[in-house]
Amino acid sequence: MANVFPSWINRAPLRIIGCGLVVVGFIIAGITYYMTPKWSRVGYEPVQPVAFSHDLHVTQLGMDCRYCHTYVDRSEHSNVPTTESCMACHSMVQTDSPALQPVRDSYANDESIPWARVHKTPDYVYFNHAVHVNRGISCVECHGQVNEMEVVYHAKPLSMAFCLECHREPEKYIRPNDKVYDLTWKPESEEAQIEMGTELVQHWKVNPPESCSGCHR
């Protein structure tokens, strides 16, 4: 009896499985690439419940980052300022501004302002703010020129590759401690940065981890 189906049909299941694996591979690769922080977070600029201009407060008024982010040099986390921090000034400044009504309501009702979070590392990533800022890593290295932002947005990718660039060559990014919160400070040249950074790395014995366990705990 003659075969109903041609002989190449016997190889069809393997070909279908092979093509399926290739397609799935491309899908996984695409999702992995385009869902990195570079694509999913950079440029993220949520609307906040209160319009707060870092350009006004930091650049024009000269406020230090640590006035609002009180524990950035003492804690793993950089805290969001409390309403009391805002009212320390605004109980006397622009007391009738409609834009600050949510702040006054928050203070009167003893309820936190529901700020929208901009920067967030995954739960499986360990990051200590105090360790970084106390060893010469300025806010701008991870957050961009926040001092020039009318509205804070996600400026840097904060991906694993981004972090490893600094961990592998910290001398390119490290600065004197008294310049960490001076967000407008720049080294005279790239060569000056490398020379100064190398000295600081040696003086502070900076040895950033590059192994998985350094950040994934």
Please answer: with hydrophobic residues joined when any side-chain heavy atoms are less than 4.5 Å apart, are Y107 and V80 in the same cluster? yes

Flag yes if V42 and Y44 sit in one hydrophobic cluster, no otherwise; membership is Ile, Leu, Val, Met, Phe, Trp, Tyr, and two members link when side-chain heavy atoms are under 4.5 Å apart. no

Got a sec: does the [atom1] of [X] have more than 12 other heavy atoms crowding it under 6.0 Å?
X    : atom1 : answer
D96  : CG    : no
K120 : NZ    : yes
D110 : CG    : no

Which atom of [X] lies closest to which atom of [Y], heavy atoms considered:
X    : Y    : value
V103 : C86  : CG1-CB, 3.9 Å
T95  : R104 : O-NH1, 2.9 Å
P46  : R117 : CG-O, 4.4 Å
M149 : A155 : CE-CB, 4.1 Å
R175 : M196 : CA-CE, 4.2 Å
N177 : G136 : OD1-N, 3.4 Å

Should [X] and [Y] count as side-chain neighbours, where that means a heavy-atom distance under 4.5 Å?
X    : Y    : value
D105 : P102 : no
I174 : V201 : yes
H216 : M160 : yes
F52  : I113 : no
V146 : V58  : no
P170 : P208 : yes
P176 : W185 : yes
H119 : H154 : yes

Look at the side chain of [X] and the backbone N and O of [Y], then say whether any donor-acceptor pair between them is shorter than 3.5 Å.
X    : Y    : result
H167 : P209 : yes
T82  : S85  : yes
Q145 : L183 : yes
E171 : E195 : no
D73  : N134 : no
T198 : I194 : yes

Reported [atom1]-to-[atom2] distance for the pair [X] and [Y], which is rounded to 0.5 angstrom:
X    : Y    : atom1 : atom2 : result
C68  : N79  : SG    : CG    : 9.0 Å
S138 : K179 : OG    : NZ    : 11.5 Å
C163 : E165 : SG    : CD    : 9.5 Å
E188 : K186 : CD    : NZ    : 14.5 Å
S106 : E84  : OG    : CD    : 7.5 Å
L61  : D55  : CG    : CG    : 9.5 Å

Output, in order, the C-alpha distance, side-chain angles, deciding distance and verdict of side-chain contact (heavy atoms from CB on, under 4.5 Å) for L200 and V206. CA-CA 8 Å; L200 291 173; V206 174; over 6 Å; no

Sequence neighbours excluded, every pair satisfying ring pair (Phe, Tyr, Trp, His ring centres under 6.0 Å) that has a member inside residues 61-94: none

Trace of the side-chain contact (heavy atoms from CB on, under 4.5 Å) decision for F127 with L158: CA-CA 11 Å; F127 180 86; L158 304 186; over 6 Å; no

Full working for side-chain contact (heavy atoms from CB on, under 4.5 Å) between V72 and C65: CA-CA 9 Å; V72 68; C65 307; 5.7 Å; no

Between H143 and V118, is the side-chain contact (heavy atoms from CB on, under 4.5 Å) condition met? List the steps. CA-CA 10 Å; H143 299 295; V118 179; over 6 Å; no

